[in-house]
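Data first, discussion second: the structure below is written as structure tokens.
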Amino acid sequence: MNAPARSPRPSRPRARRPRWGLRLATGGACLVLAVSGIGHLLVRELDSGIHRVDAFSGLDNRPENTGGGVNFLVVGTDGREKITPREKALYRLGGAPCRCTDTIMLMHLSADHRRVSAVSLPRDSYARIPAYTDATGKRHPSHPRKLNAAYAEGGPSLTVRTVEHLTGVHIDHYLEVDFTSFMKTVDVLGGVKICTARPLKDDHTGLDLAAGTHVLNGGQALQYVRSRHVDGTSDLGRIQRQQRFLAAVVHQTTAGGILLNPVRFNRVAGALLGSVRADHGFRAEDMVALGRAMSGVTPGSSEFASVPVVLPGVPVKGAGSTLRWNQAKAQRLFTTLREDRPLVAHHPKRVRATPVDVDPARVRVHVLNGTTTSGLARRADRALHATGFATTGSPADAATPDVPHTVIAYDPVWDRSVRSLAAALPGARLKPVVGQGAVMQVTIGADYKGVRPVRAEAPKTDTTGFGAVTGDEVVCPDGGATVPAAPETSAAARAL
């Protein structure tokens with residue numbers, strides 16, 4: 001990402017109307033177009049259909065782009081006036097359109113064209129809106145508000161200016177994607193596969209997914225990326241789900257042959273560009289250049305992060321509860337972007353891990369060898385520890401050496417935690433033992449075939465660092481179904 005290769009002409013993300021969590025989905029749609037280098041004529045035909053917006057008028061004191069690469073500001077907007085009555089009812093999109101945005105994301109294409117970094121800016125972030133003059137000629141002084149208020153007050157140009165002042169990152173292009181564009185793009189892709197370790201239900205959006213793997217159509221995907229009431233993490237949890245969704249889009253478009261199929265590419269481009277707004281500088285030629293530049297981008301070379309915040313929120317007069325950024329960590333994050341460096345340290349290729357509801361680090365495990373294979377319990381203990389479980393590190397032999405099936409003995413109080421362990425030991429039989437306590441006992445049987453890597457799915461609420469991940473860490477694993485999760489039955493269990 002650091003090589004000073006020629007970057008495509010800076011393009012500006014689009015501007016349209018605001019609302020809801022399209023952040024990651026929006027970015028995914030942009031990547032669908034950008035990763036292809038074959039659609040020159042097709043994209044040129046669509047160029048005239050792009051709605052243009054002046055997102056950079058009157059901007060001054062702008063930061064310089066000294067590190068190379070191209071920076072996009074991607075904004076997800078409402079546009080529900082174009083949704084059919086049936087879709088409004090089916091996907092809970094009632095209400096009047098609003099001049100607001102819940103989705104703001106910085107996307108950075110590295111100068112060497114090998115990496116894409118997406119940084120989510122929580123909509124409730126505390127921000128000082130720079131002084132500006134509105135359309136009536138009235139002058140407004142700088143004032144504190146939530147970040148998404150910049151769009152409501154001054155549209156795309158004030159949004160760009162506010163983000164640049166907050167981050168110190170120079171915005172090259174502006175893109176704005178609405179509900180309609182998002183749903184159509186997902187449908188043209190044939191749906192997008194996501195997986196969840198626990199049921200997801202949000203009465204506000206109508207989202208209702210059982211635990212497991214699902215292929216979401218456009219409307220269902222919109223529910224998934226909009227939902228804020230699935231758990232207690234609100235917008236931060238939604239950002240995590242949006243990151244998973246965008247990673248899934250990258251995987252699907254790069255691995256599914258879409259980018260090498262002119263017909264399918266044209267359909268995807270038409271679905272996206274038909275209801276998107278972009279700055280005047282973002283042209284068809286730029287899109288083709290981006291496609292050629294990003295032809296090697298994969299989930300493993302795409303990065304996702306959210307600005308580190310300080311919890312709980314801080315009330316601001318006239319704005320409500322706002323999220324303050326952890327200034328030291330946020331500064332490091334944006335410096336990394338400006339200097340065109342990776343957000344995630346290099347790591348060897350990882351095997352995709354199955355997402356689980358309860359973090360393995362919170363599950364205590366003791367391993368016994370129920371076979372005649374010497375050292376098998378120690379190897380299993382090490383493998384479970386390597387994927388994150390809190391093993392005792394002192395495996396032992398079982399009472400008998402002829403156990404046919406691997407068994408997990410557990411206290412029913414920990415019925416959610418045991419499912420994380422069961423996901424790591426496919427085929428293991430569960431044996432509830434009332435009163436056993438917090439430590440689960442795994443007896444390795446003759447059918448033991450190793451440990452499957454797992455990872456916690458639960459949104460992270462700590463702010464120790466960027467929380468950046470690569471796309472290959474959050475997409476669904478190859479093969480195997482996610483183990484459904486039942487509610488844990490005690491407060492003590494939830495605190496484990």
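A side-chain donor-acceptor contact under 3.5 Å links Thr167 to the backbone of Val163. Gln331 contributes no side-chain N or O that, together with a main-chain N or O of Ala328, makes up a donor-acceptor pair within less than 3.5 Å. Under the 3.5 Å distance criterion, the side-chain polar atoms of Asp411 are matched with a main-chain donor or acceptor of Gly435. Distance alone, capped at 3.5 Å, places no donor-acceptor pair between the Asp187 side chain and the Gly191 backbone. Glu303 places a side-chain N or O within donor-acceptor distance of the main-chain N or O of Val344, the cut-off being under 3.5 Å. Formation of a donor-acceptor pair under 3.5 Å by the Ser420 side chain with backbone atoms of Val358 is found in this model. In this structure, the side chain of Arg226 does not engage the main chain of His204 through any donor-acceptor pair within 3.5 Å. Between the side chain of Trp414 and the backbone N or O of Val439, no donor-acceptor pair lies under 3.5 Å. In this structure, the side chain of Arg241 engages the main chain of Ser227 through a donor-acceptor pair within 3.5 Å. Checking side-chain atoms of Gln436 against main-chain N and O of Ala409 turns up a donor-acceptor pair under 3.5 Å.
Applying side chain to side chain contact (heavy atoms under 4.5 Å, CB included) to Val186 and the options Val249, Leu222, Val192 leaves one that passes, Val192. Only one option out of Thr371, Leu425, Val442 pairs with Tyr448 in a side chain to side chain contact (heavy atoms under 4.5 Å, CB included); it is Leu425.
The shortest heavy-atom contact between Leu166 and Ala127 is CD1-CB, 3.7 Å. A pairwise comparison of heavy atoms in Ala396 and Ala377 identifies O-CB, 4.0 Å as the closest pair. Closest approach of Arg324 and Val314 over heavy atoms only: CG-CG2, 3.7 Å. In this structure, Val356 and Pro360 approach most closely via the heavy-atom pair CG2-CD, 4.2 Å. When every heavy atom of Phe182 is checked against every heavy atom of Val177, the shortest pair comes out as N-CG1, 4.2 Å. Looking at every heavy atom in both residues, Ala390 comes nearest to Ala361 through CB-O, 3.8 Å.
The distance from atom OG1 of Thr336 to atom NE2 of His108, rounded to the nearest 0.5 Å, is 10.5 Å. For the atom pair OH (Tyr224) and CG (Leu209), the distance works out to 8.0 Å, reported to the nearest 0.5 Å. The distance from atom CZ of Arg123 to atom OG1 of Thr101, rounded to the nearest 0.5 Å, is 10.0 Å. Atoms CG and CD1, on Leu200 and Ile194 in that order, are 6.5 Å from each other to the nearest 0.5 Å. The structure places CG of Leu147 at 10.5 Å from CG of Leu323, a figure rounded to the nearest 0.5 Å. Taking CG from Asp381 and OG from Ser394, the interatomic distance works out to 7.5 Å, rounded to the nearest 0.5 Å.
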Exercise for review: Take Arg379 and Thr373 through the side-chain contact (heavy atoms from CB on, under 4.5 Å) test and state the conclusion after the steps.
Suggested key: CA-CA 11 Å; Arg379 291 197 294 275; Thr373 303; 3.6 Å; yes

Point to revise | Stepwise side-chain contact (heavy atoms from CB on, under 4.5 Å) test for Tyr410 and Val433 | key: CA-CA 6 Å; Tyr410 71 102; Val433 179; over 6 Å; no

Point to revise | Step-by-step side-chain contact (heavy atoms from CB on, under 4.5 Å) determination, Thr103 to Val75 | key: CA-CA 5 Å; Thr103 296; Val75 174; 5.8 Å; no

Point to revise | Worked check of side-chain contact (heavy atoms from CB on, under 4.5 Å) between Met107 and Asn71 | key: CA-CA 6 Å; Met107 292 185 67; Asn71 299 313; over 6 Å; no

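Side-chain contact check for Phe389 versus Val454: some heavy-atom pair is nearer than 4.5 Å. With a 4.5 Å cut-off on side-chain heavy atoms, Asp202 and Gln223 do not count as touching. Contact of the Asp357 side chain with the Arg419 side chain is not registered, since no non-hydrogen atoms from C-beta on lie closer than 4.5 Å. Looking only at side-chain heavy atoms (C-beta outward), Ile444 and Val367 come within less than 4.5 Å of each other. For the pair Ser117/Leu337, a side-chain contact is recorded, criterion being any heavy-atom separation below 4.5 Å from C-beta on. Side chains of Trp325 and Pro308 form no contact here, defined as non-hydrogen atoms less than 4.5 Å apart. The shortest distance between side-chain heavy atoms of Leu384 and Leu421 falls below 4.5 Å. Contact check for Leu368 versus Asp397: no side-chain heavy atoms found under the 4.5 Å cut-off.
Checking Thr335 against Arg332 by side-chain atom types alone, no donor-acceptor pair falls below 3.5 Å. A side-chain donor-acceptor contact under 3.5 Å links Thr406 and Asp447.
Remark: His366 NE2 is packed, more than 12 non-hydrogen atoms of other residues, nucleotides or ligands lying under 6.0 Å away.
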